[in-house]
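Before any comments, here is the structure.
Owing to the predicted nature of the structure, the values given are computational and were not obtained by experimental measurement. Because only heavy atoms are used, hydrogens play no part in the values below, and waters and symmetry mates are left out as well, while side chains stay in. FYI, the numbering just counts along the sequence from 1. For ligands, and for the atoms within them, numbers begin at 1 and follow the listed sequence.
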Amino acid sequence: MKPDLPKKVTLFGVPIDNLTMAEVIDRIEAMIGDGGIHQHVVVNVDKIVKMESNPSLRKTVLDCDLITVDGQPVIWVSRLFKCPIKERVTGVDLFNALMGRCAERGLRPYLLGARQEIVAKTVDVLKAMYPKLNLAGWRNGYWAADEESKIVQDIKEAKPDVLCMAVGSPKQELFLGKWKQEMHVPFVMGVGGSFDVTAGVLRRAPQWMQRLGLEWLFRLAQEPRRLWRRYLNEDMAFFRLVWREWRAKRS
Ligand code: UDP
């Protein structure tokens, strides 16, 4: 029998919850029921690199109650360092699974983010997939700075059980970290481009590419102009961080 894997794995100074998708969903449901306010975050290459130069993002991530990995390179690094993470829990799969659980349990999510037509389409798609889903509300992700407190109040008044925010990283994590207590939502999470995928605007990589950890290549092929420079810079920065971590772990 395989030995039990540790429940937490620390990589790049981030304590990651070593859970499967099913365990994550159960943990979220328990968090929603325990009377507290909880934030979930996914770590991937992008976030680990941004955390190096953005102390507010680092603090926000470290303050989260549930941290999972959405990014094959981070899984590879966990294996390299002999503290393997069980499973990659992709943001979009988690978002969909959580909407299913909300429908089953009568929990009310609020969707915040993406362009108006995208979030509207996401609502339609989710209602078709989960007819019992009862949304607390939804709103697009574009607003002026002086509208922020009104948005926070609207969410608070809607009294959702879950807030899924899709305005890109690190904006969504910082917004949630700043306002979660005020909004008083039991469980908040950033879901990045998940509404675009659910609405069918962004296609996901085929299963075989996902299995080989090549989702990034598929995304690069879809949006080469926007992504190539970002991937190149981030990957070089990530390699430097892996090297630093490697040396720290050996000494
Ligand atoms: N988005 C938004 N408001 C903004 C910026 C972005 O709602 O001010 C949405 C955008 O429409 C998309 C999602 O955030 O649906 C993810 O954006 P992006 O791909 O830029 O984020 P990344 O995945 O690069 O962090």
Please check whether [X] reaches ligand 1 - meaning an N/O of the residue sits under 3.5 Å from an N/O of the ligand, judged on distance alone.
X      : answer
Asp46  : no
Ala166 : yes
Gly192 : no
Gly141 : yes

Between [X] and [Y], is there a side-chain N and carboxylate O pair less than 4.0 Å apart?
X      : Y      : answer
Arg240 : Glu52  : no
Glu117 : Lys121 : no
Asp196 : Arg115 : no
Arg88  : Asp93  : no

message: Looking only at the aromatic ring of each residue, does the gap between the centers of Phe195 and Trp138 stay below 6.0 angstrom?
response: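 Ring centroids of Trp138 and Phe195 are no less than 6.0 Å from each other.
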
query: What about Phe238 and Phe12, are their ring centers closer than 6.0 Å?
result: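 Ring centroids of Phe238 and Phe12 are less than 6.0 Å from each other.
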
message: Go through it in stages, so that I can follow the logic: the residues are Asp154 and Arg139, the test is salt bridge (Lys or Arg N to Asp or Glu O under 4.0 Å), and I'd like the CA-CA distance, side-chain angles, deciding distance and then a yes or no.
response: CA-CA 10 Å; Asp154 286 349; Arg139 193 204 185 282; 5.7 Å; no

Any Phe195 heavy atom less than 4.0 Å from ligand 1: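 No heavy atom of Phe195 comes that close to ligand 1.
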
- prompt: Is the closest heavy-atom distance from Gln172 to ligand 1 below 4.0 Å?
  reply: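 The answer is no, since Gln172 has no heavy atom less than 4.0 Å from ligand 1.
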
Among all protein heavy atoms, pick out the one at the shortest distance from [atom]; state its residue, atom name and that distance to 0.1 Å.
atom                    : answer
atom 5 (C) of ligand 1  : Val167 O, 3.5 Å
atom 25 (O) of ligand 1 : Ser169 N, 3.0 Å
atom 21 (O) of ligand 1 : Gly168 CA, 3.3 Å
atom 7 (O) of ligand 1  : Ala114 N, 2.8 Å
atom 11 (O) of ligand 1 : Tyr142 OH, 2.8 Å

Classify the contact between [X] and ligand 1 as side chain, backbone, both or neither, using a heavy-atom distance cut-off of under 4.0 Å.
X      : answer
Arg226 : side chain
Asp196 : side chain
Gln116 : neither

field: Atoms of ligand 1 close to Lys171 [distance to a heavy atom under 4.0 angstrom, numbered from 1]
entry: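 Listed by number with element: 4 (C), 8 (O).
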
- prompt: Going by the atom numbers of ligand 1, which of them fall below 4.0 Å from some non-hydrogen atom of Arg230?
  reply: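 The atoms of ligand 1 under 4.0 Å from a heavy atom of Arg230 are 24 (O).
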
- prompt: More than 12 foreign heavy atoms under 6.0 Å from CZ of Phe239: is that the case here?
  reply: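 Incorrect, the count does not exceed 12.
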
task: Check whether more than 12 heavy atoms from other residues, nucleotides or ligands sit under 6.0 Å from atom NZ of Lys159, and answer yes or no.
output: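 No, not enclosed.
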
- request: To the nearest 0.5 Å, tell me how far Asp65 CG sits from Asp34 CG.
  value: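 Output value for this atom pair is 9.0 Å.
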
